[in-house]
Number of protein chains: 2
Amino acid sequence: MATMKDVAKLACVDISTVSRALNDTAYVHPETRERIFAAVKELSYQPNVLAQGLKKGKRHTIGVVLPRLHMAIFSEIMQGIEKEARKYNYATLICNTEDDPEIEKESLSRLRNGFVDGIIIAGTGRNIRLLHDIKASGISVAQIVRDQDTSVSSVIANYEACGYEGTKFLARKGCKEIGLINGNTHLAPYRDRYKGYKAALKELNLKENYNTSLEPSNTFEYGYNCAKKLLENNEKLDAIMVSVDIQGIGAMRAIKEKKLRVPDDIRLMSLTGHTVGSMLETTMTALEIPAHEMGEKVAKMIIEDIEAPSDKKPSAQHLTFNASLVEREST
Amino acid sequence: MATMKDVAKLACVDISTVSRALNDTAYVHPETRERIFAAVKELSYQPNVLAQGLKKGKRHTIGVVLPRLHMAIFSEIMQGIEKEARKYNYATLICNTEDDPEIEKESLSRLRNGFVDGIIIAGTGRNIRLLHDIKASGISVAQIVRDQDTSVSSVIANYEACGYEGTKFLARKGCKEIGLINGNTHLAPYRDRYKGYKAALKELNLKENYNTSLEPSNTFEYGYNCAKKLLENNEKLDAIMVSVDIQGIGAMRAIKEKKLRVPDDIRLMSLTGHTVGSMLETTMTALEIPAHEMGEKVAKMIIEDIEAPSDKKPSAQHLTFNASLVEREST
DNA sequence: CTGAAAGCGCTTACAG
DNA sequence: CTGAAAGCGCTTACAG
């Protein structure tokens, strides 16, 4: 690979002049400029990003730490992040943690050391101190979906409202025994959905049908197992709310194996739908969250933070999106 | 952030000694060593990866260029790549191109400039020259799923066999009018599936039912639209093979809207299944490809290439995996 | 066993 | 308008 030195030699100028011409950071005589660009072309010179980053202390790269990509809302959010990042000429580096705090820790450690200017995270909540360290060391941080820490900016959906409105909606449909398949309530979204569910049940004077399991909750199997238990525990159950679409697919399977019909015997809805729900054989009613838009916003937020001069970084912002109810066949 | 200089000062040694102690690259007196590690701890020093990379010319990072993450087999392959990369202490950087040659070009250009030591790509086939340039410049390259270029190592599944065996299987089930929903035949997997399909039809003395559309083929909508056309064009159609699971979900929807039943009226199967197929309401028969394993292999392949001394890089290897038939409800 | 020094490929004050 | 030089944070021959 040609270096700036080679270009300088070929163009018969100093390397500093090449730098200035290329970065357009000072006036360079048109002729010199032309010679330089000719040399660049001839050598098909490409600047070394490492060296630039070393000098400027900036990588123009955002790290995104996510618990899951496959069949989860995070890959849709990611599309939004990438689109926005590309607009500002930032690259994105995705780390997939599988919701394992150890992998998360390792990913964060790796990212902090010169890899990125900012980190967007949907975290396990187990590495908050590390995250603070990272922020203190000058790397911008923002949370997506899971706001584990109020001192760090975040973009989330209103999960409590999802739990509340979902329950109310099913009650209006005549359901009396509404189950909720949730996940680890240490994570903000699960905690909040549960809160909303309980609040609605109280107003409606209904009782709780709740089941949980020890497995990772963002999976098909989890939805399947929890649905099975809910159905066994209460034979009058007439509705199941799942936290995320993928659980709903598992629940659908469990319901079918019990020879029950959706929606006639059991109504089924997802509390944080994304595009999957509309594609299923029995399409799924859902409170859909604007994943793409949320991704764009959090990317914009972190880029603004990165590019703000260090003496006046914006203070932590928290952006909450509302979900919108989309009725489909499953209710 | 503390630098190596700070550590050296605190430990009262030269920075070169710190470097040696930390990298274990030469004998350092135990006491000195201890002082250095104490200083590292005290300052919570973290080496700057940029600077290391600049000096050593290595980033310990692999770029992965994929056409799609959401609901596609690529996120499963990615899991395998990440697992293997982590084992060798490599980071992975994912670029999502949405199968757009321009985005792909941009991603590749970005990666080549000091970002990564190697690139794994499932490409559009439109940037082969650029890929050659990149390889020539000393960055390792490997292809996954799509082997557009025999001079570059690859890990793929035997798509021709998939097309062939799928067709034979459906014929054994008694199907006479077997449709194929495919995709852009400039891409090797689509081209090969089609080849296998035609070969089997010829042996069986059956005629082709083939439809294609101009949209990106890796989507639900594509499967839906093509299935609809196939059903309209031939009312005796008794089977549909889709190239990928997500198309199958769309096809299922189209079949259902026609008031036809799967598998009684129409048998449906996917030619490159991954985990989605087993989770659907009507589970989908598929030729399953070992996505996770393929990811691991391609990661291993590229890491070996990266770490080989530049005078004896291994020559291009091509690894082909077989799919295995998993019968489920849809046939 | 350890230090002084050069160098990786750039950027950016400082002169002129 | 352009060059010479220092420096970003490391690694690694070269001495001793």
Side-chain angles (χ1 to χ4, degrees), chain A residues 1-37 39-40 43-61 110 112-117 137-139 309-310, chain B residues 1-37 39-40 43-61 110 112-117 137-139 309-310:
Chain A
M1 289 276 281
T3 73
M4 195 176 257
K5 220 167 167 178
D6 301 324
V7 175
K9 199 181 292 172
L10 188 61
C12 298
V13 289
D14 190 81
I15 139 176
S16 55
T17 307
V18 176
S19 172
R20 282 190 283 258
L22 259 38
N23 296 317
D24 208 15
T25 164
Y27 196 92
V28 174
H29 190 91
E31 269 176 29
T32 318
R33 210 183 148 72
E34 213 161 296
R35 276 211 317 284
I36 290 172
F37 277 89
V40 163
L43 301 167
S44 51
Y45 165 76
Q46 302 273 138
N48 180 316
V49 187
L50 277 188
Q52 289 180 321
L54 178 56
K55 185 64 192 172
K56 295 199 285 193
K58 286 295 170 214
R59 297 281 285 110
H60 250 245
T61 302
R110 198 182 275 254
R112 75 174 307 179
N113 303 322
F115 270 110
V116 298
D117 307 320
S137 77
I139 293 174
S310 59
Chain B
M1 288 275 281
T3 76
M4 196 176 255
K5 220 167 167 179
D6 302 323
V7 175
K9 198 182 292 172
L10 188 59
C12 299
V13 289
D14 191 81
I15 139 175
S16 56
T17 308
V18 177
S19 173
R20 283 190 283 259
L22 259 37
N23 296 318
D24 208 15
T25 165
Y27 197 92
V28 174
H29 190 89
E31 269 177 27
T32 318
R33 210 183 147 71
E34 213 161 299
R35 276 211 317 283
I36 290 171
F37 277 89
V40 164
L43 300 167
S44 52
Y45 164 75
Q46 302 273 139
N48 181 318
V49 188
L50 277 187
Q52 288 180 322
L54 177 55
K55 185 63 192 174
K56 295 200 286 194
K58 285 294 170 214
R59 296 281 286 110
H60 250 245
T61 302
R110 198 182 276 253
R112 77 175 306 179
N113 303 322
F115 270 111
V116 298
D117 308 319
S137 77
I139 293 173
S310 59

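Quantities reported herein were computed from a predicted structural model and do not represent experimental measurements. First the proteins, then the strands, lettered A, B, ... as listed; each starts at 1.
Residue-level contact check: B:Thr25 touches neither bases nor backbone, having no heavy atom under 4.0 Å from any strand.
Atom CZ of A:Arg20 is separated from atom OG1 of A:Thr17 by 5.0 Å, given to the nearest 0.5 angstrom. To the nearest 0.5 Å, atom CG of residue B:Leu54 and atom CD of residue B:Gln52 are 11.0 Å apart. Between atom SG of residue A:Cys12 and atom CD1 of residue A:Ile36 there is a gap of 10.5 Å, rounded to the nearest 0.5 Å. B:Ile15 contributes atom CD1, which lies 11.0 Å from atom CG of B:Leu22 (distance to the nearest 0.5 angstrom). Note that the CD atom of B:Glu34 and the NE2 atom of B:His29 stand 9.5 Å from one another [nearest 0.5 Å].
Nucleotides of DNA chain C nearest to B:Arg33 and A:Gln46 differ in position, and the one nearer the 5' end is that of B:Arg33. Remark on DNA chain D: of its neighbouring residues B:Leu54 and B:Thr17, the 5'-side contact belongs to B:Leu54, judged by nearest-heavy-atom nucleotide.
First and last contacting nucleotides of DNA chain D toward chain A (any atom under 4.0 angstrom from a heavy atom, 5' to 3' order): D:dC1 to D:dG9.
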**OP:** Kindly indicate, with the supporting measurements, whether the criterion side chain to side chain contact (heavy atoms under 4.5 Å, CB included) is fulfilled by B:Val13 and B:Arg33.
**Re:** CA-CA 10 Å; B:Val13 289; B:Arg33 210 183 147 71; over 6 Å; no
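Taken together, the paired segments of DNA chain D that extend over three or more consecutive Watson-Crick or G-U pairs, each closer than 3.5 Å at both contacts, are C:1-3 with D:14-16, C:5-12 with D:5-12, C:14-16 with D:1-3.
Across every non-hydrogen atom of B:Leu50 and A:Gly53, the tightest pair is CD1-C, 3.5 Å. What you find for A:Thr3 and A:Tyr45 is that their closest heavy atoms are C-CE1, 3.5 Å.
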